[in-house]
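Below is one structure; the comments refer to it alone.
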Amino acid sequence: MHLNLRLRVLLFFAFLALGTLTTIGAGVWIGTARAGLTAPPAAMVQGALIAAFLAVALCVWVWFLFDAHVARAIEQLAAALRARSHAGVAHGLASEAQAARHLGDLAPAAEAITRELAETRSALEASVARETTRLEAEKSRLETLLADVPVAVLLCTAEHQLVFYNGQAVDILGEGAAPGLDRHLLDYLRDGPIRHAYERLAGSNDPDLASDLLCATRSGRHLLAGRMRVLRRREAGGAPGYVLTLRDVTADIAAHTRRDALLTEVFDRVRRPAANLQTVIGVMHELDGLERAPDLSSALLDEVGTLTQAITELGGRYDAVQGDWRPLVNARSADMLDALKARLQAQGLILEAAGPELILQVDGFEIITFWSWLAGKIAEDGLARAFTLTLIDEVGPGALMRLEWQGEPLSVGRLDRWLGQALGPETGEMAALSVLKTHGTEAWPETLGETRQAVVMPIRAARIAGRRPPPIARAVTYDFDLLSKARGAAVADTRLADLTFVVFDTETTGLSPATDAVVQIAAVRLVNGRRVTGEVFDTLVDPKRPIPAASTAIHGISDAMVTGAPDITQAGRQFHRFAEGAVLIAHNAPFDMEFLRRQEAGIGASFDHPVLDTVLLSAVVYGQLAQHSLDALSARLGITIPEEARHTALGDTIATAEVFLKLLPMLQARGLETFGQVVAEVRKHSRLLKDLNG
């Protein structure tokens with residue numbers, strides 16, 4: 001059994017005291033026997049008791065001094081050395097050296113070693129940094145390229161655990177719960193198509209083979225077109241991972257379905273009157289030269305009217321859905337006008353712009369091509385060579401684009417003839433009329449004054465452009481070491497490095513879980529020994545009661561801030577999904593867990609996760625008598641908590657996560673490799689806090 005230094009010192013002095021008492025007792029017995037007495041004299045007994053009391057008192061006093069100035073100082077010095085050798089702590093040993101001043105030259109020697117270690121580490125880090133600068137730049141460029149790929153890209157292990165995902169994957173798989181490293185892909189997608197495609201590809205032994213698939217999200221709200229390719233095997237007998245690209249085709253399929261349904265209806269509604277017309281015309285042909293039935297002409301007119309009405313109605317509906325299947329995106333009018341000016345200048349024409357800057361939902365290439373083609377046709381017919389494109393924001397969602405010029409008018413008939421022509425070689429056989437149908441609009445000429453002419457095109461969706469928003473961060477998230485991560489063992493037997501952790505903190509209306517409520521929950525995920533930057537949970541919670549002013553003074557959350565926030569039932573469900581499959585970590589975990597576990601019935605889920613507490617982990621590393629507050633731990637481990645972040649759920653969560661990542665290698669250096677070993681060691685310090693792992 002492993003005993004710590006202070007306990008061994010205590011046992012040493014206890015044995016010393018016991019030996020002293022035994023020696024005194026033996027002396028009394030021997031003296032009595034040599035004097036030929038059957039019992040020791042009273043004076044001898046009194047002297048022995050006084051000697052025993054003084055000897056025990058002396059042992060206790062010496063033990064206390066030895067424990068305070070030697071054993072405890074050695075433990076503090078050892079913990080400080082571990083922090084600097086394993087956790088990367090860089091500041092000096094001033095406080096530990098002061099505590100170890102009675103240990104002779106040991107503290108100065110330890111301080112010299114740590115100073116030399118820090119200098120060596122700094123030089124090594126500088127050398128590594130110089131050597132890796134080029135690799136980091138290339139990595140950054142690669143991440144940027146992958147982040148801007150317009151489809152979701154995922155890399156998964158053979159067990160379907162996520163190893164890599166980009167920003168588009170967050171949008172597609174999100175649905176209220178963003179994906180995370182080492183999470184199971186099939187928590188987000190229906191498993192059938194994914195499993196079938198993987199089994200087919202993995203069994204083919206052909207790394208160049210790929211498979212197209214169609215799958216749905218777990219909720220069934222989105223259909224995704226995907227392409228899967230397995231990775232080349234790296235280890236003999238090991239199942240390969242795979243790369244999966246996904247694209248949301250829900251809108252495309254819905255648009256094509258509507259078009260197919262419309263075409264089916266066209267045939268159904270046109271077929272009957274066409275057949276009737278054929279019958280009527282046949283009868284009329286047979287009666288030619290004879291007296292015709294008086295109702296045949298009326299029947300013919302009715303059927304023609306029905307057919308005409310059906311064709312007109314169906315044609316209008318077809319035009320209305322033309323734009324559904326084409327991807328119309330938001331385009332800034334200033335960017336489009338700049339491109340249009342360049343095109344007209346290349347033709348020797350002049351273009352000015354007027355009106356507000358708008359965001360238009362259009363196919364920018366087609367609209368620019370249409371207006372440049374139309375301006376060229378007007379110039380070709382000698383009507384004008386200088387134009388103004390005016391943008392008019394209408395009441396409602398639409399806007400008008402108006403190409404104006406000074407000169408002769410353009411007739412409706414001439415414009416209609418032009419619209420049937422192709423736009424030019426760069427668009428293939430696309431006619432100008434097709435552009436209008438794609439956008440569900442039309443174009444017509446207008447006279448604005450005596451000599452001012454225009455062609456007008458309505459745009460169905462437009463809005464006033466505000467200040468350009470900052471670019472959306474489209475970071476990629478990955479950890480390729482997860483491809484070789486060991487899996488399948490029970491949590492107690494799993495190495496700490498192979499576990500996924502969720503570090504969390506709550507802010508509350510008070511300190512009593514029985515009567516107070518949560519006002520904020522924040523959490524971060526730790527995967528493969530590092531904090532995943534993009535995987536953060538942070539939400540205010542409406543406690544459904546006033547927040548005391550004393551609590552607001554600590555965490556800064558007021559009643560106004562939680563108005564409209566989710567209640568604990570909704571927020572608890574979201575947090576439970578975020579923490580699924582992970583080990584929970586908190587500072588003073590029993591406090592936070594009690595608030596959550598009291599809400600399990602309403603949330604509909606149990607917080608039965610394995611739990612680690614940084615207070616108890618600190619006791620394992622630094623001993624029970626050390627200060628274990630978050631501030632003290634952070635200062636000891638060289639972690640800075642910004643003042644504005646202290647006593648906020650997210651700020652304290654990040655600080656706790658950094659503390660745990662510093663403690664982790666120190667625990668491993670003490671031989672505590674698995675979760676079960678850590679829990680067994682933690683339970684020795686249950687005097688401080690209750691362990692929550694059963």
Side-chain angles (χ1 to χ4, degrees), residues 316 319-320 322-323 328 330-424 426-427 430-466:
D319 290 341
Q322 273 290 87
L328 302 181
N330 290 332
R332 192 170 285 261
S333 62
D335 298 338
M336 294 175 59
L337 288 172
D338 184 67
L340 184 56
K341 282 182 180 180
R343 285 204 173 195
L344 294 190
Q345 286 176 1
Q347 301 177 47
L349 306 178
I350 300 172
L351 179 70
E352 298 294 333
E357 186 174 359
L358 303 176
I359 301 295
L360 309 173
Q361 192 173 35
V362 294
D363 184 321
F365 172 75
E366 288 191 1
I367 293 296
I368 292 169
T369 302
F370 176 86
W371 285 121
S372 63
W373 166 83
L374 183 59
K377 298 293 289 184
I378 293 172
E380 185 181 321
D381 276 23
L383 301 180
R385 299 191 65 82
F387 302 91
T388 300
L389 189 64
T390 302
L391 296 172
I392 302 171
D393 182 36
E394 292 190 309
V395 177
L400 292 178
M401 298 186 77
R402 196 165 65 193
L403 186 68
E404 303 175 9
W405 69 91
Q406 197 78 22
E408 298 181 15
L410 175 64
S411 67
V412 174
R414 189 190 302 186
L415 179 59
D416 287 343
R417 289 194 301 274
W418 288 353
L419 293 178
Q421 300 176 13
L423 291 175
E426 60 194 15
T427 60
M430 180 183 291
L433 192 59
S434 298
V435 176
L436 301 179
K437 288 183 177 181
T438 296
H439 292 80
T441 187
E442 54 187 335
W444 65 85
E446 280 188 2
T447 299
L448 305 179
E450 292 185 1
T451 60
R452 193 73 176 166
Q453 314 298 331
V455 173
V456 181
M457 176 196 291
I459 300 296
R460 291 192 298 180
R463 59 180 172 83
I464 293 290

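Because only heavy atoms are used, hydrogens play no part in the values below, and waters and symmetry mates are left out as well, while side chains stay in. If you read the sequence from its start, that first residue is 1, and numbering goes on from there.
Across every non-hydrogen atom of Phe387 and Ala375, the tightest pair is CZ-O, 3.7 Å. In terms of heavy-atom proximity, Phe370 sits nearest to Ala432 at CE1-CB, 3.9 Å. When all heavy atoms are compared, the tightest approach of Ala353 to Leu337 is CB-CD1, 3.6 Å. Looking at every heavy atom in both residues, Leu423 comes nearest to Ala431 through CG-C, 4.2 Å. The shortest non-hydrogen separation linking Thr369 to Ser372 is O-OG, 3.0 Å. Contact detail for Ala334 and Glu357: the closest heavy-atom pair is CB-OE2, 3.3 Å.
Between Gln345 atom CD and Ile350 atom CD1 the span is 9.0 Å, to the nearest 0.5 Å. Atom CG in Leu389 sits 9.0 Å away from atom CG in Leu344 (nearest 0.5 Å). Taken to the nearest 0.5 Å, the CD atom of Gln406 stands 10.0 Å off from the CD atom of Glu450. Distance check: Met401 CE to Leu391 CG gives 5.5 Å after rounding to the nearest 0.5 Å. Atom CZ of residue Arg460 and atom CG of residue Leu360 lie 13.5 Å apart, to the nearest 0.5 angstrom. Rounded to the nearest 0.5 angstrom, Asp363 CG and Ile368 CD1 are separated by 9.0 Å.
Remark: the backbone N or O of Glu408 is not paired with any side-chain donor or acceptor of Gln453 at under 3.5 angstrom. Checking side-chain atoms of Thr388 against main-chain N and O of Glu404 turns up no donor-acceptor pair under 3.5 Å.
In this structure the side chain of Trp444 reaches within 4.5 angstrom of the side chain of Pro458, judged on heavy atoms. Taking 4.5 Å as the limit, every side-chain heavy atom of Trp371 sits out of range of all side-chain heavy atoms of Met336. The shortest distance between side-chain heavy atoms of His439 and Glu366 falls below 4.5 Å. Within the 4.5 Å cutoff, the side chain of Leu349 has no heavy atoms near those of the Arg343 side chain. At least one side-chain heavy atom of Ile359 sits under 4.5 Å from a side-chain heavy atom of Arg332. The shortest distance between side-chain heavy atoms of Phe365 and Val435 does not fall below 4.5 Å.
Leu400 pairs in a side-chain contact (heavy atoms from CB on, under 4.5 Å) with only one of the listed residues (Ile459, Asp393, Val456), which is Val456.
Atom CD of Glu394 sits in a crowded spot, with more than 12 heavy atoms from other residues, nucleotides or ligands closer than 6.0 Å.
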In residues 409-420, what donor-acceptor pairs under 3.5 Å come from side-chain atoms, sequence neighbours left out?
unit_1 : atom_1 : unit_2 : atom_2 : d
Ser411 : OG     : Arg414 : N      : 3.2
Arg414 : NH1    : Asp381 : OD2    : 3.2

Intermediate values then yes/no, side chain to side chain contact (heavy atoms under 4.5 Å, CB included), Leu403 and Leu351: CA-CA 9 Å; Leu403 186 68; Leu351 179 70; 4.2 Å; yes
